[in-house]
Structure formats: C-alpha cells, structure tokens
> 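Here you go, one structure.
Each ligand, and each atom within it, is numbered from 1 in the order the structure gives.
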Amino acid sequence: MKRSTLAALSLAIATTLGAGLAAADPIVIKFAHVVAENTPKGLMADRFKELVAERLGDKVVVEVYPNSQLFGDDKVLEVMQLGDVQLAAPALSKFSRYTDVLALYDLPFLFEDLHAVDRFQQSEAGQGLLKSMEKKGLIGLGYLHNGMKQLSSSQPLRVPEDAKGLKFRIMASEVLEAQFEALDAAPIKKPFSEVFTLLQTKAIDGQENTWSNMYSKKFFEVQPYITESNHGLLDYLVVTSTEFWNGLPDDVRDTLKAALDESIAYGNRIAYDKEAEDRQAIIDSKRTEVIELTPEERAQWVQAMRPVWKQFEDEIGADLIDAAYAANQE
Ligand code: LMR
C-alpha cells in the first residue's frame, strides 16, 4: 500500500473513532434561573430535567441552577450568547437590551388576569414576539407564567400619593422605571438576588413582585404592607441561543421542544395555584398586612400609571398594545 493511501486510511479511522467518542458524550444543557425551587419556574425547570432524563437520558443531560447560583438575570443572556448557559427563563422585563417589543408586557394594568395573558400569548401576535430577538442570537421557546405583581412597602399604600418619594426596587426595564416615576417615586434597578437584603436593611422602601416570589424569598417578613394591586404582569420567556438550538440534531431538538412544552404547561398550572396559595400563606403568617383596594382606590392607580402606555407606544407599537388589551375580552 502506498504511503499516502495508508495515511489517508489512518486519518479516516481516527476521524470515525473520534466521531464515535464525541457521540458518546452527552449534550449538557445548563438551565440557570434566579428564583427558589418551589415556584412555577423552579418546578418547571425540574420537570424539564426529569422529562429529558426519561426520554434522552443517554444523549442529553440537563443541569438546573436555581437561586442565582450560576448567573443572575443581569448576566445570563450575555453568557448564553457565549455558550456558557443553554437555557434560562428571565422575566419578560429583562430583555430590553435585545428588543423593544417585549416591553409590551410591562405596561401597567394591561392585562386583567392570567387568563387574558394566556389568550394574548397564544394568539398570532403573541407567538410572533417569541421570534423578536433571533437577529440578536436568542430564540424564545415559550412563555411561562408567574403571576400578577403586587406592591410591597414599608408604609401602607392605598392611593398613588402614598408612594410619593419612596424608593422601589425594579427589574431592569424602562417601562417599570416610567411607571414609578409616574407616581413621583424613585425606581432603583437591582438584581433579584439583592432584593431581600435591600428591604431588610431599609436601603429601599418597597418593591413589586408576585405572591410566589414574595413568599418563597420571604420579602413579606421584611415588608409590613402589601397592596393587592395586580397592576402588572411577571411572566417569563424560556430562551436559548439560536446557535445552540439550530446546531442540535433534528430528532433531539424535537424531543427537547416537546419536553419543554409539557414542562411549561405544568409550570403554568402551578402558577395559577400558587397565586392563591402563596397569597394565603402570606396572610396566614400575620407578618404583613395585605391591603385590598376599593374599586375607587384602584381606579386612582390606573389613572396615575396609565399615561406610561403613551410614552412607549411608538417603541412597542399601538397595534400590538391594542391586540394585547383586547385579550381581556373573552
Ligand atoms: C425579579 O427580578 O423580580 C423576577 O424577575 C424574579 C423572577 O425570575 O421571578
């Protein structure tokens, strides 16, 4: 055999062996999130891990990192683009560096409840938003609920004037910033992992969040008042990098997508239950006073915050805002 033929043959054998070895290495999916495990997102992530182990155990391993263990939401999208994390589900409020349109979901008093949110998210317009960041290398794989936001504070908040001058922690969103500025309050952008300490040390006066987050992270223990305002939405986008997703073998991608859809549906059912359960657990704790607004008081909050819609109408699109608002009608 000629020397060159021999060399070509050894190269072919080495490549085949190499490919064989590589195929034996499972694909690792790191799923990083910031909330506790006993929340809609925490439970959804764990369910996804289980389903993937059952269905693709020899090919794919999911590692879940809760409680900001691996990355906070301020970093996770950046590192996803670099390939250090494959899956995350940040709040829809945390994508403003990548797209304008998802800011829609932050508009105060846009949705009456999670049922209306569902109707919009499943519509063509809602599904279209999942693709709004593909040019930036991120792809939305589905929406996951947490719930409607409430206002917690060191002082009772019944009418918008009560919030005047108070410092509120917000997620990194310009709409949320404008919402608190509309109340003459001071919004401060901080990562979720710092909120408890900021409240405990009284570095801030209040924050807005869901019953589930306030319960699982014990915010209610360091906030004497929670106003049941239901003024905004905290939902998530389950997101991955287009490079990672498109680089997967077709059969693996399809199985992963089905497992994700099932775990998202599971997480969404939990979100509905947790809104009621964690609210009740907070009331039962007697650590905080839950303030229920009269319809007249609520109308004042709507009136104070609603001008924010106009401020962001050009960026988000008036048609999109109309479509989302229309989802309140069954
Ligand atoms: C927050 O920062 O308040 C939330 O986005 C945390 C979360 O992921 O629910």
> Tell me whether the centres of the aromatic rings in Y272 and H115 are closer together than 6.0 Å.
yes

> Only one of N67, T39, N209 clears side chain to side chain donor-acceptor pair (under 3.5 Å) with K217; which?
N67

> Does the side chain of E208 come under 3.5 Å of the side chain of Q179 through a donor N or O and an acceptor N or O?
yes

> Write 'none' if nothing qualifies; otherwise put on separate lines each N/O atom of ligand 1 with a protein N/O atom under 3.5 Å away and their distance to 0.1 Å.
residue	atom	partner	partner atom	Å
ligand 1	2 (O)	K94	NZ	2.7
ligand 1	2 (O)	R169	NH1	3.4
ligand 1	2 (O)	R169	NH2	2.8
ligand 1	3 (O)	R169	NH1	2.8
ligand 1	3 (O)	N209	ND2	2.9
ligand 1	5 (O)	K94	NZ	2.9
ligand 1	8 (O)	K41	NZ	2.7
ligand 1	9 (O)	N213	ND2	2.8
ligand 1	9 (O)	Y236	OH	2.4

> May I have the list of side-chain donor-acceptor pairs in residues 319-330 shorter than 3.5 Å, sequence neighbours left out?
residue	atom	partner	partner atom	Å
N328	OD1	E112	N	2.8
N328	ND2	L110	O	2.9
N328	ND2	Y325	O	3.0

> Does E292 pair with R279 as a salt bridge, N-O distance under 4.0 Å?
yes

> Q150 and side chain to side chain donor-acceptor pair (under 3.5 Å): which single residue from N230, N213, T210 fits?
N230

